[in-house]
Amino acid sequence: MKQLLIIWHSRTGYAEQMAQALARGAADTARALEQTASMQVHLQRAQDTSPADLLNADGYLFCAPENLASLTGEMKECLDRCYYGVLDHIQGRPYAGAISAGTDGTGAARQLERICTGWRLRAIAPPLIERNGAQTPAAILAPKTAPQDTLSRCEELGGLLAATLLAGEP
């Protein structure tokens, strides 16, 4: 049984919706490939994630907002807390990242990529960066709804990771 772990953090609801779409896409792909019995998709908050969760998974999707050109503190804290407990134990496993951002997102994507490079994970796609255009304090902090095109791209990314795991690609 393949385990796909989707670790997420969200402040305004946007990244949470993206994470849910990643999970939907993974489940839909397993269903389309008639392999639902071969895959479990775990959607888990960053604050609830332990090194054991990462060790038990076969692949990862990380989804978080960018905040001040970096991953949000909660996602970074999760990665910091888990880093050494899984180092040299998860190398080669596939991963992808999804970042929600106002107008950039590249800083958070680079930070996630550096951490995953340290773990020697294998990126299966470039980071998905979804920009909502928020620039004022009020707009940045406001609850958000991800548009359907964003959710569709997330579903595609979740499906790609599921297909990669189910195909048993190294």
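- Note that CD1 of Ile90 and CG of Asn56 are 11.5 Å apart. Values are rounded to the nearest 0.5 Å.
- Aromatic ring centroids of Trp119 and Tyr83 lie under 6.0 Å apart.
- For the residue pair Ala96 and Leu161, the shortest heavy atom distance occurs at N-CD2, 4.4 Å.
- Here the CD1 atom belonging to Ile6 is positioned 10.5 Å from the CZ atom belonging to Arg24, to the nearest 0.5 angstrom.
- From Asp53, atom CG reaches atom CD of Gln44 across 4.0 Å, with rounding to the nearest 0.5 Å.
- Of the possible polar contacts, one joining the Glu66 side chain to the Gly105 backbone as a donor-acceptor pair under 3.5 Å is found.
- In this structure, Arg122 and Ile124 have side chains that are in contact, with non-hydrogen atoms separated by less than 4.5 Å.
- Tyr60 and Arg93 share a donor-acceptor pair across their side chains, judged by distance under 3.5 Å alone.
- For the residue pair His42/Gln3, the side-chain donor-acceptor check at 3.5 Å is satisfied.
- Leu128 and Leu151 fall into different hydrophobic clusters, where Ile, Leu, Val, Met, Phe, Trp and Tyr side chains are chained together by heavy-atom contacts under 4.5 Å.
- Between the OG1 atom of Thr106 and the CD1 atom of Ile99 there is a distance of 10.0 Å, given to the nearest 0.5 Å.
- Atom CG of residue Leu165 and atom CG of residue Leu160 lie 9.5 Å apart, to the nearest 0.5 angstrom.
- Expressed to the nearest 0.5 Å, how far OG of Ser70 lies from CG of Leu112 amounts to 12.0 Å.
- Checking Ser152 against Gln148 by side-chain atom types alone, a donor-acceptor pair falls below 3.5 Å.
- When the side chains of ILVMFWY residues are joined at heavy-atom separations under 4.5 Å, either directly or via intervening members, Tyr95 and Leu166 end up in two distinct hydrophobic clusters.
- In this model, no donor atom of one side chain and acceptor atom of the other lie less than 3.5 Å apart for Ser100 and Glu130.
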